Trainee: 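Dropping a structure here in structure tokens format, bear with me for questions.
From a predicted model like this one, the values you see are computed outputs, not experimental measurements. Only heavy atoms go into these numbers, but all of them, side chains included; no hydrogens, no water, no symmetry mates. Chain letters run A, B, ... following the sequence lines, proteins first, then strands; residues in each count from 1.
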2 protein chains.
Amino acid sequence: MSGPGLAPPVFVVDDDPDIRSSLTRALRMRGFAAEAFASAQAFLDGYDGRAACVVLDFGMPGMNGLELQALINREGFPLAVIFITGHGGVPESVQAMKGGAVDFLEKPFRQSVLVERIGAAWEVASARAVAEGRSRDVAARFERLTAREREIVDWIVAHPGTVSSKEVGRSLGISPRTVDHHRARILEKLEIRSVAELVDLARVLD
Amino acid sequence: MSGPGLAPPVFVVDDDPDIRSSLTRALRMRGFAAEAFASAQAFLDGYDGRAACVVLDFGMPGMNGLELQALINREGFPLAVIFITGHGGVPESVQAMKGGAVDFLEKPFRQSVLVERIGAAWEVASARAVAEGRSRDVAARFERLTAREREIVDWIVAHPGTVSSKEVGRSLGISPRTVDHHRARILEKLEIRSVAELVDLARVLD
DNA sequence: GATTGCCTAGGCAATACTGCCCATGCCGGC
DNA sequence: GCCGGCATGGGCAGTATTGCCTAGGCAATC
């Protein structure tokens, strides 16, 4: 239960140097592995793909907080975003929350509040990382399937009530025996042991 | 593509009579089936379980908007909530969005904006209603299972890679033949035709 | 006390799946 | 042209599933 990795990483992205230094100091004191970046671009250059919480200034020169959030969502990074803002109002906060932000705080805020929210955000980020990892893993296994195999998978997933080789074969216009053959390859490549698990696995992919 | 039910229902819940009358008038003019309520309690008394969009005053006497939202979430009503507020700020909007609100507008707002947001909210409510209906339907079918049958379902869902009667029987300490028997009843009661579909169906239930 | 529902489990036959073998034909790369 | 991967299928043996029958034990209900 000790060693590196215990301290949840928190990335502070803000163009204000005072905020950066005071937040990182406060967070490190409370056991977080805090790192600061002066801009969205600097953060992106330094980000290594880890699960983490990102404390993001809403209004920054260059790429702003919302844009960075949109990028994080597009890329599927396992990051939980908490916005902090000096001049934002209700419309900005609503937009941020719609974009999947975990929280949104107005400056000035009490550091104890931020720390508490980061704790919650870290839970979200961890869960997201697990889901992401699982999803990537499953997707990688599906990559190994050939076109025909994928076609059979698609058909079975779309018709989980009719999974016999006979039905699938008739539907695809091939012999049941060939479906048997493909199915064996599919189970092998996906590292599963039953059609039930196949349907289960396929549901992981969105 | 015509007849009753085409107009998306919108419930306006606000203690201000002016808001109620102006909003319902504006919404009806734009093709919504708008109804107004002066309080959360009045809305709850009149609500019939339909999928709808609810425009909710954040700060109301009696049960306030947040409390009503929490109740809606608890009950799983197929409603999409849009808050409107006179005096709320960023913390209130964040809290509302965390609670699953689809939108949050400050008074005064342009009616065209509200109408547009209601359109989006209606999509959400419809999708939620479909999911809710499906979920209730599936749950009702699961209700018909006996204790032993449910135990077998649980085991299969937990171990989708090992679904043979032999394995299940060994694990539960009963004969494979008995598992066969239960399984046939399970498929019959759930109105499905394969174990794959069983796993699929079970995943619908959260 | 009879009935009903549930859990148990066996028999039997038809059907299906699985894992091994085999083969053919096609295509793309070396 | 040869080789490897892919899709197609057949054979065969062992195993599993499925549907239909029977039937005993047990608990609750009428």
Trainee: If we only count heavy atoms from C-beta on, is the B:F37 to B:Y47 side-chain gap below 4.5 Å?
Mentor: no

Trainee: Heavy-atom distance under 4.5 Å between the side chains of A:I19 and A:I84, does that happen here?
Mentor: yes

Trainee: Would you list the protein and nucleotides 3-9 of chain D atom pairs, both N or O, that sit under 3.5 Å from each other?
Mentor:
{"unit_1": "D:dA7", "atom_1": "OP1", "unit_2": "A:T146", "atom_2": "OG1", "d": "2.7"}
{"unit_1": "D:dA7", "atom_1": "OP1", "unit_2": "A:R148", "atom_2": "N", "d": "3.1"}
{"unit_1": "D:dA7", "atom_1": "OP2", "unit_2": "A:T146", "atom_2": "OG1", "d": "2.7"}
{"unit_1": "D:dT8", "atom_1": "OP1", "unit_2": "A:R148", "atom_2": "NE", "d": "2.7"}
{"unit_1": "D:dT8", "atom_1": "OP1", "unit_2": "A:R148", "atom_2": "NH2", "d": "2.5"}
{"unit_1": "D:dT8", "atom_1": "OP2", "unit_2": "A:R148", "atom_2": "NE", "d": "3.0"}
{"unit_1": "D:dT8", "atom_1": "OP2", "unit_2": "A:H182", "atom_2": "NE2", "d": "2.7"}
{"unit_1": "D:dG9", "atom_1": "OP2", "unit_2": "A:S175", "atom_2": "N", "d": "2.7"}
{"unit_1": "D:dG9", "atom_1": "OP2", "unit_2": "A:T178", "atom_2": "OG1", "d": "2.8"}

Trainee: Mind calculating the distance between CG (B:L198) and P (D:dT18) to the nearest angstrom?
Mentor: 12 Å

Trainee: Round to the nearest Å and state the distance from A:D180 atom CG to C:dC22 atom P.
Mentor: 19 Å

Trainee: From CZ of A:R185 over to P of C:dT18, roughly how many Å is that when rounded to an integer?
Mentor: 12 Å

Trainee: side-chain contact (heavy atoms from CB on, under 4.5 Å) with A:E123: which residues, sequence neighbours excluded?
Mentor: none

Trainee: Tabulate atom names and distances for all N/O pairs under 3.5 angstrom spanning the protein and nucleotides 26-28 of chain D.
Mentor:
none

Trainee: Pick from B:R183, B:K189, B:R144: which one makes a side chain to side chain donor-acceptor pair (under 3.5 Å) with B:E149?
Mentor: B:K189

Trainee: Taking 4.0 angstrom as the limit, do A:E132 and A:R136 come out as a salt bridge?
Mentor: yes

Trainee: In this structure, how many angstroms lie between the C1' atom of C:dT15 and the CZ atom of A:R170, rounded?
Mentor: 14 Å

Trainee: Roughly how bent is the helix from C:dG1-D:dC30 to C:dC30-D:dG1 end to end, in steps of 10 degrees, with each end axis from five pairs?
Mentor: 30°

Trainee: Can you tell me which residue pairs pass the salt bridge (charged side-chain N to carboxylate O under 4.0 Å, His left out) test with a partner in residues 34-61 of chain A, sequence neighbours excluded?
Mentor: A:E35-A:R50, A:D48-A:R50, A:D57-A:K107

Trainee: Show the distances under 3.5 angstrom between N or O atoms of the protein and N or O atoms of nucleotides 13-16 of chain D.
Mentor:
{"unit_1": "D:dA16", "atom_1": "OP1", "unit_2": "B:K166", "atom_2": "NZ", "d": "2.7"}
{"unit_1": "D:dA16", "atom_1": "OP2", "unit_2": "B:K166", "atom_2": "NZ", "d": "2.8"}

